[in-house]
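Quick note on labels: first sequence line is chain A, next is B, and so on, each numbered from 1.
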Amino acid sequence: MNSMKHKKLNTEYSTVGSRVFDVINVAVLVGLALITVLPLLYVLAGSFASESEIAARPFFLWPEKFVTDTYKFIFSTPTFVRALLTTIVVTAVGTVVQLVLTFTMAYPLAKRYLPGRTLVLNLVIFTLVFSGGMIPTYLVVRDMGLLDSYWALILPLAINPFYLIIVKSFFQELPQALEEAARIDGCNEMGVFFKIVLPLSKPIIATFALFYAVSIWNDYMSPLLYISDPSKWTLQILVRQLTSADQADALANMDRTFVPPEQGLKFAVVVIATLPILFFYPFLQKHFTKGVLIGGVKE
Amino acid sequence: MATDLAPPPARAASKPGRRRRPGLGASLARYRWLYLMLIPGVVYFALFKYLPMYGITIAFQDFLPFLGYSGSPWVGFQHFQDLFTGPDFGRLMFNTLFLALLTVVFIFPAPIVVALLLNELRINVLKRSVQSVMYIPHFLSWTIVASLTYLLFSADYGVLAGWIRDILGDTAKIDYIAQEEWFRPLIILQQLWKLTGWGTIIYLAALAGVDPQLYEAARMDGASRFRQLWHVTLPAIRPTIVVMAILTSGNLLDTGFEQIWLMTTSLNRSVADVFDTYVYYTGITQGAISYSTAVGLFKGVVGCILIFGSNWLAKRLGQRGLL
């Protein structure tokens, strides 16, 4: 492999046209990366800038004067603190529920010898192609008495069928000999699952913990559909309320003691809703490509 | 794959000359732990996936909550007729299909192009940094994306709006957020920004799997870099492209509720209304439950036809299908 790479460099890639392409390619890709990241950095900088600086300077990545007024306002506002706490708790509980349900269901489905497995698997796959739709699902949630309950943000999304199938494929790839050995040592299926399978699954658990946590944290549709009580708003609803045209209404709903920095508030609320994700992102990045590929490339 | 073909030891011991399937009771007993683990998941699918499918029946009723699913009067295809002959249908169909077309033209090829460019990048550190940065937007919510769009494009204080004004020397302020003709470009820009980087993952993996000897051989034959791309790389990732195309086609009518809803204002409604947001609008905010269920069902059935159709087409074209 290595020697071949060298040959590549020495012969094919040394022509002028090829070098020009390389330069342009680097420029294009770095440009794309900048387009991706600059808006985020601008918002971060803007959240620490004063109202007058946001108005005066068109674009900046470093505020002239660091101001934390906006964050002080946000964290002294009960509506906001409540939304933040709600979202954190719902995300944490929801992720655990989703992981438990997904992994316990995927394990038996990975056993080819289990009678009835194909039927269940086909029923799962069918839900990928066809669904009851928004309104019938809403009615089910309502009939279960989950409207205005935080469970409505968790239970209807408890298993993502795509993730379930990926985890199932992962379980099928695990070396069977280990499970056999554990059984001979007197483990039942539960023992095998907890003592052998789960410890081997740490990377994929981490991946799907991230995916599930992100999807609940970011969910806007479920709270929009199922939560009408403003005291139960989640962060994403608040972000929407504060940054869109309805801002005035949202502020009227807030118990406030002084006039908030209007533009700065928009920047800061975006930062707060984004930050946790960007914080965990580097830790999990090494896992997620693997997780996606287990499911994706196989087909 | 074949590793788990070996059943638990009990079965091997009882294996006679001809295979006999154990009775229901026997397998329930032998695999009780596995079945026990299956129960919560099956209950989930029954409650939140299959019960709503049963609920589709209300599309053929005038659903009244106090009469319930069985008591409400049946009206046959009345709601579908209302939809097809109503004033909204043409607009909805056009908006949805137009966005779908834009997706096919702009969003689908973007990750392929970026993956190919990344694949040609031989400075590994740079390659990995660009990838890491471009994955980020995938993890941000549509509300964040919409907020960023407001912050960058709003007529009063948006940075980009200001820059465009400076460059083009436009004296009039353009309100990109509110104006109808800017709705679709903004939607497509948002999707490009959010989805492109993540979309490259699968193509990059496919590219990494291409046999280096093929390139070697092509170079021996004097193929330029571009010809190698054309004759080696693209054919090698064609199956991946087909699978992704099938997956995309099934979602063509799924314009994505959140993104569209977040970008809809009272001023751009005429171009923004798509089936997804229309279902929410008529069903939840207007209370036309049966009618909006019918709209959702229509959308679901067409989506089904699209995914099976494109799968069939892909097989006909000599590719391995998905289903």
Side-chain angles (χ1 to χ4, degrees), chain A residues 4 12 18 25 28-29 33 36-37 39 43 58-59 101 104-105 107-108 111-115 120 123-124 127 129-137 139-140 156 158-159 172 175-176 183 188-190 214 218 220-221 236 239-240 243 263 266 270 273-274 277 281 285 289 292-293 296-297 299, chain B residues 1 3-8 27 31 33-34 37-38 40-42 44-45 48-49 51-53 55-56 117 120-121 130 132-134 136-137 139-144 147-148 150-152 157 159 162 201-202 205 212 219 225 243 257-258 265 279-280 283 289 292-293 296-297 300 304 307 322:
Chain A
M4 204 150 58
E12 178 60 28
S18 181
N25 190 22
V28 167
L29 288 170
T36 309
V37 78
V43 170
F59 178 83
L101 283 179
T104 47
M105 189 183 191
Y107 181 67
K111 301 292 167 203
R112 276 156 197 272
Y113 51 76
L114 188 72
V120 177
L123 286 173
V124 168
T127 65
V129 188
F130 188 76
S131 81
M134 180 192 286
I135 304 298
T137 310
L139 291 177
V140 166
I159 297 179
Q172 280 175 348
Q176 194 65 14
R183 270 200 211 90
N188 61 17
E189 284 292 350
M190 284 296 195
V214 166
N218 283 343
Y220 171 71
M221 191 168 163
Q236 299 297 333
V239 169
R240 160 65 171 173
T243 54
Q263 293 310 321
K266 299 182 182 189
V270 169
T274 311
I277 288 168
Y281 174 81
Q285 205 210 344
T289 358
V292 173
L293 292 180
V297 174
E299 291 301 342
Chain B
M1 274 303 247
T3 43
D4 73 346
L5 279 176
S27 29
Y31 303 120
W33 292 111
L34 289 175
M37 292 172 79
L38 213 48
V42 169
Y44 165 77
F45 276 95
F48 291 105
K49 298 285 181 184
L51 206 55
M53 284 187 209
I56 285 173
L117 291 181
E120 295 293 323
L121 200 59
V130 171
S132 305
V133 166
M134 288 190 72
I136 292 176
F139 293 97
L140 306 182
S141 67
W142 281 116
T143 58
I144 299 290
S147 304
L148 287 175
Y150 286 132
L151 289 175
L152 295 176
Y157 54 86
V159 177
I201 289 186
I202 280 178
R219 266 200 303 283
R225 236 167 132 178
V243 167
F257 170 80
E258 291 193 357
T265 65
V279 169
Y280 176 82
I289 287 183
S292 58
T293 304
L297 177 59
C304 243
I307 200 164
L322 183 70

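- Residue B/T265: no heavy atom, backbone or side chain, is found under 4.5 Å from chain A.
- Here B/S147 is the residue among B/S147, B/P137, B/G55 with the most heavy-atom pairs under 4.5 Å with chain A.
- For the options B/G283, B/S292, B/G162, heavy-atom pairs under 4.5 Å to chain A are most numerous at B/S292.
- A/M134 approaches B/F257 most closely through the heavy-atom pair CE-CD1, 3.8 Å.
- Taken to the nearest 0.5 Å, the OH atom of B/Y31 stands 9.0 Å off from the CD atom of A/E189.
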*Do A/M105 and B/Y44 pass the side-chain contact (heavy atoms from CB on, under 4.5 Å) test, and can you show the C-alpha distance, the side-chain angles, and the key distance before you say yes or no?*
CA-CA 10 Å; A/M105 189 183 191; B/Y44 165 77; over 6 Å; no
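- Smallest separation of non-hydrogen atoms from A/V129 and B/C304: CG1-SG, 3.5 Å.
- In terms of heavy-atom pairs under 4.5 angstrom with chain A, the leader among B/V42, B/V133, B/T143 is B/T143.
- Note that the OH atom of A/Y107 and the CG atom of B/L38 stand 12.5 Å from one another [nearest 0.5 Å].
- For the options A/I159, A/V214, A/V270, heavy-atom pairs under 4.5 Å to chain B are most numerous at A/I159.
- The most heavy-atom pairs under 4.5 Å with chain B, out of A/L101, A/V239, A/T127, come from A/T127.
- Between atom OG1 of residue A/T36 and atom CD1 of residue B/I136 there is a gap of 8.0 Å, rounded to the nearest 0.5 Å.
- Contact of B/I289 with chain A is made through backbone and side chain together, with heavy-atom distances under 4.5 Å.
- Interface residue A/M221: backbone and side-chain heavy atoms are both found under 4.5 Å from chain B.
- The distance from the CD1 atom of A/I135 to the CD1 atom of B/I56 is 12.0 Å, given to the nearest 0.5 Å.
- Residues B/L148 and A/P39 approach most closely at CD2-O, 4.2 Å, considering heavy atoms.
- With a threshold of 4.5 angstrom between heavy atoms, A/S131 approaches chain B through N, CA, C or O but not through any side-chain atom.
- Of the two parts of B/L51, the backbone and the side chain both hold a non-hydrogen atom closer than 4.5 Å to a non-hydrogen atom of chain A.
- Note that CD1 of B/I307 is 13.0 Å distant from CZ of A/F130, once rounded to the nearest 0.5 Å.
- Side chain of B/E120 to main chain of A/N25: no donor-acceptor pair is present (N/O by atom type, distance under 3.5 Å, no hydrogens or angles).
- For the atom pair CG (A/L123) and NZ (B/K49), the distance works out to 13.0 Å, reported to the nearest 0.5 Å.
- Taking chain B as the reference chain and counting heavy-atom pairs below 4.5 Å, the highest number among A/V37, A/V43, A/V120, A/L139 is found for A/L139.
- The minimum heavy-atom distance linking A/G132 with B/M53 is given by the pair N-CG, 3.9 Å.
- When the candidates A/P156, A/G133, A/P58, A/A33 are compared by the number of heavy-atom contacts under 4.5 Å with chain B, A/P156 comes out ahead.
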